[in-house]
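This one's a predicted model, so the numbers in the text were calculated from it and none came from an experiment.
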Amino acid sequence: MSLDHEAIRKAYPNANAIDDGTGAFDASGNKITLVQSKIDTARNTLNTEASAVKYKTDRTTNGSTKYDTLANQLDMLYHDLVAGKLDATGTWAKHIKAVKDANPKP
């Protein structure tokens with residue numbers, strides 16, 4: 001039997017130890033009676049919370065549509081400044097827009 005440790009910790013904040021073979025225990029060593037529906041609700045909450053911020057990790061780790069390094073972004077801004085393109089036509093603005101368009105907020 002494999003327990004969903006993360007969901008158990010969300011559903012039972014007093015769970016101090018979780019063992020796949022023996023269950024969950026509080027800090028005093030007392031066994032916690034786990035209710036599957038409560039764990040399922042906690043898992044749904046965790047999934048909803050993760051979905052709400054997924055765009056943030058996608059913008060930093062998602063292949064070709066992720067933010068460039070800070071050093072490269074500063075270089076883009078410098079070249080845009082020199083070229084007089086500190087507006088939506090500059091390289092940096094286009095880069096940021098492409099990342100945000102590819103990974104929109106929910």
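- Cluster membership check: Met76 shares its hydrophobic cluster with Ile96, using side-chain heavy-atom separations under 4.5 Å among Ile, Leu, Val, Met, Phe, Trp and Tyr.
- To the nearest 0.5 Å, atom CG of residue Asp58 and atom OG1 of residue Thr65 are 7.5 Å apart.
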Could you go through the side chain to side chain contact (heavy atoms under 4.5 Å, CB included) check for Ile18 and Tyr12 one step at a time? CA-CA 11 Å; Ile18 302 170; Tyr12 299 92; over 6 Å; no
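- In terms of modelled atom types and a separation under 3.5 Å, the side chain of Asp26 and the main chain of Asn30 share a donor-acceptor contact.
- Atom CH2 of Trp92 sits about 10.0 Å away from atom CG of Leu74, to the nearest 0.5 Å.
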Under the criterion side chain to side chain contact (heavy atoms under 4.5 Å, CB included), I'd like the reasoning laid out for Ile39 against Val35: C-alpha separation, chi angles, the key distance, then a yes or no. CA-CA 6 Å; Ile39 296 168; Val35 177; over 6 Å; no
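- Gln73 is not listed as a side-chain neighbour of Thr69, based on a closest heavy-atom distance of 4.5 Å or more.
- Counting only distance, with no hydrogens or angles, the side chain of Asp80 and the backbone of Thr91 share a donor-acceptor pair below 3.5 Å.
- In this structure, the side chain of Thr89 does not engage the main chain of Lys85 through any donor-acceptor pair within 3.5 Å.
- Annotation: the span from Leu3 atom CG to Arg9 atom CZ amounts to 10.5 Å, rounded to 0.5 Å.
- Using a distance-only test at 3.5 Å, with no hydrogens or angles considered, no donor-acceptor pair links the side chain of Asn72 to the main chain of Asp68.
- Closest non-hydrogen pair, Pro106 versus Ser51, comes out as CG-O, 4.1 Å.
- A continuous path of Ile, Leu, Val, Met, Phe, Trp and Tyr side chains, each step under 4.5 Å between heavy atoms, connects Ile32 with Ile8, placing both in one hydrophobic cluster.
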Show, in sequence, the C-alpha distance, side-chain angles and deciding distance for Lys10 and Leu46, and conclude whether the side chain to side chain contact (heavy atoms under 4.5 Å, CB included) test is met. CA-CA 8 Å; Lys10 179 79 170 175; Leu46 288 168; 4.0 Å; yes
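- Arg43 is listed as a side-chain neighbour of Glu6, based on a closest heavy-atom distance under 4.5 Å.
- There is a side-chain donor-acceptor pair under 3.5 Å between His5 and Asp20.
- Atom CG of Leu77 sits about 7.0 Å away from atom CG of Leu86, to the nearest 0.5 Å.
- Residues Arg59 and Lys100 meet the side-chain proximity criterion, which asks for heavy atoms closer than 4.5 Å.
- Lys54 and Glu49 are not joined by a salt bridge, as no carboxylate oxygen comes within less than 4.0 angstrom of a charged side-chain nitrogen.
- Using a 4.5 Å heavy-atom threshold, the side chains of Tyr55 and Pro104 count as separate.
- Across Lys66 and His95, no two heavy atoms sit closer than the pair O-CE1, 3.5 Å.
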